[in-house]
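Here the structure comes first, spelled out in structure tokens, and everything after it is commentary.
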There are 2 protein chains.
Amino acid sequence: MTTNLESESPPASRTRILDRAAQLILDKGFAATSMRDIASSVGVKAASLYHHFASKDEIFTAILERGIEVMVTAFEQVEATSTSEAETLLREHVRAHLGSLFEFGPYTAAHVTTFHNAPPVIYDAIVPRRDSYEAMWAGLFDRLEQQGSLNASDTSIARLVLFGGMNSTIEWFDPAGVLTLDDLADMIVDQFWHGVGSANAAHSRRAASGGAR
Amino acid sequence: MTTNLESESPPASRTRILDRAAQLILDKGFAATSMRDIASSVGVKAASLYHHFASKDEIFTAILERGIEVMVTAFEQVEATSTSEAETLLREHVRAHLGSLFEFGPYTAAHVTTFHNAPPVIYDAIVPRRDSYEAMWAGLFDRLEQQGSLNASDTSIARLVLFGGMNSTIEWFDPAGVLTLDDLADMIVDQFWHGVGSANAAHSRRAASGGAR
DNA sequence: GTCTATATCACGATAGAC
DNA sequence: GTCTATCGTGATATAGAC
């Protein structure tokens with residue numbers, strides 16, 4: 001390596017600014033996070049941020065985009081290495097999404113918690129990318145359904161409810177606790193796939209193919 | 001009735017202010033909603049709001065409290081009229097919670113979407129009430145588990161994931177569409193109770209009591 | 001690339017007339 | 001109970017020195 005200056009107390013790079021800003025926005029929300037807050041967290045004055053970004057909106061937009069990028073990358077990585085068995089495939093995707101929320105910086109978490117009331121200009125700019133990630137999951141669910149692996153009366157709603165459950169974990173799950181993200185993914189997929197109601201109590205509606213549980 | 005003055009264009013009552021404020025806060029978030037915004041929506045000037053509330057924080061706190069109050073009332077009403085069958089009871093509770101989100105003003109919806117990054121003072125003031133609502137659900141789940149109706153490896157996590165799924169509906173469900181809230185509650189409980197994985201694909205783990213699905 | 005200084009504006013809140 | 005007028009503060013953003 002020709003230089004090692006960058007290894008200690010780096011100058012305020014775009015990445016460093018975004019890292020800190022994303023954490024603040026996750027904690028306090030976008031509107032309540034000031035440029036002075038971000039600058040202070042980075043260790044510079046507010047005016048210096050404008051050398052790296054044109055506006056506060058641009059910082060927020062970059063964070064939301066990065067959040068999606070993390071999720072998309074995680075999804076594609078599973079697709080590239082997956083087995084064909086339905087439940088296992090879903091488990092890997094759920095684990096990957098949880099990884100996006102907890103393991104790759106605050107970008108995805110900030111995206112999930114703050115997107116829905118972002119300023120309209122930002123919201124509209126991000127929606128297409130967000131839709132494209134959602135389309136990946138919709139495609140996955142379509143495939144599972146066509147295989148006969150999925151039995152929901154409405155797969156879109158089943159997917160959205162699963163998503164809501166996954167995304168809510170950032171509000172209550174502590175990845176440093178006794179349960180690992182693998183454990184959590186297992187529990188979520190178990191619940192989604194098999195249900196948690198006792199078979200005894202519920203010999204109801206779909207008393208079909210003499211199967212499991 | 002002795003007077004009917006109050007039936008048209010009422011003076012800015014506390015309730016009317018809170019109604020409008022809750023809707024704005026649901027849409028834009030607390031920090032991005034100004035007293036001028038609220039006043040404009042009510043049809044008065046900002047200074048007039050201070051005749052009814054001491055501060056913006058007080059308005060927000062009142063909205064968050066009312067959101068919980070709506071949920072608690074809905075929960076208690078189900079408890080007071082419920083049958084004993086586990087799945088039906090859960091269905092009624094899920095329907096009641098969805099009703100709180102969609103049918104009783106924007107209070108509960110605003111609570112769910114904006115609470116997590118409320119200013120610390122407000123957050124701390126609301127947490128106890130929020131915990132008491134959560135305790136009601138925890139109690140319900142404990143009862144279901146002791147009956148043998150619930151089969152989750154961790155009932156708290158099962159409950160939190162269900163909650164995440166329910167609460168996410170305010171971001172994507174349109175109660176004016178083809179599906180009713182009853183339909184939605186059915187789908188969510190079906191998914192939670194029975195799972196949506198095909199029995200064929202998943203004769204796995206818990207191949208227990210020759211039951212349903 | 002970061003700083004000081006500042007322009008401009010919107011915010012929450014108050015005072016006091018009506 | 002609502003208004004006009006305003007205070008003090010902190011917001012985003014810019015200008016220009018270093």
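None of the values given here were measured: they were computed from a predicted structure.
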Before giving the answer on side-chain contact (heavy atoms from CB on, under 4.5 Å), spell out for Thr169(B) and Leu184(B) the whole-Å C-alpha distance, their side-chain angles and the decisive distance to 0.1 Å.
CA-CA 9 Å; Thr169(B) 59; Leu184(B) 182 61; 3.9 Å; yes
Nearest-angstrom distance from the residue atom [atom1] of [X] to [atom2] of [N]:
X        : N       : atom1 : atom2 : answer
Ile17(B) : dG1(D)  : CD1   : P     : 10 Å
Ile59(B) : dG12(C) : CD1   : P     : 10 Å
Asp57(B) : dC11(C) : CG    : P     : 16 Å
Tyr50(B) : dT14(C) : OH    : C1'   : 9 Å
Phe53(A) : dT14(D) : CZ    : P     : 15 Å
Leu49(A) : dT12(D) : CG    : P     : 10 Å
His52(A) : dG1(C)  : NE2   : P     : 6 Å
Ile38(B) : dC11(C) : CD1   : C1'   : 12 Å

Can you confirm whether or not the ring centre of Tyr123(B) sits under 6.0 Å from the ring centre of His116(B)?
no
For the ring pair Phe102(A) and Phe173(A), is the centre-to-centre distance below 6.0 Å?
yes
Which of residues 19-37 of chain B have a heavy atom under 4.0 Å from DNA chain D?
none
Identify, residue by residue, the members of residues 113-125 of chain B with a heavy atom below 4.0 Å from DNA chain D, and return them in order of residue number, or none.
none
Is His51(B) near enough to dC3(D) that one of its side-chain N or O atoms lies under 4.0 angstrom from OP1 or OP2?
no
Identify which nucleotide among dT4(C), dT2(C), dG1(D) has an atom closest to any side-chain atom of Lys45(A), counting heavy atoms from C-beta outward.
dT4(C)
Measure from the side chain of Ser48(B), starting at C-beta and using heavy atoms only, and say which of dT2(C), dT2(D), dG12(C) lies closest.
dT2(D)
Does the distance from a Lys or Arg side-chain N to an Asp or Glu carboxylate O, for [X] and [Y], drop under 4.0 Å?
X         : Y         : value
Arg95(B)  : Glu92(B)  : no
Arg159(A) : Glu134(A) : yes
Asp37(A)  : Arg20(A)  : no
Arg143(A) : Glu79(A)  : yes

Listed once per pair and sorted, the ring-ring contact (aromatic ring centres under 6.0 Å, His included) pairs that draw on residues 63-93 of chain B, sequence neighbours left out:
Phe75(B)-His93(B), Phe75(B)-Trp137(B), His93(B)-Trp137(B)
Would His194(A) and Glu87(A) count as having a side-chain donor-acceptor pair, cut-off 3.5 Å?
yes
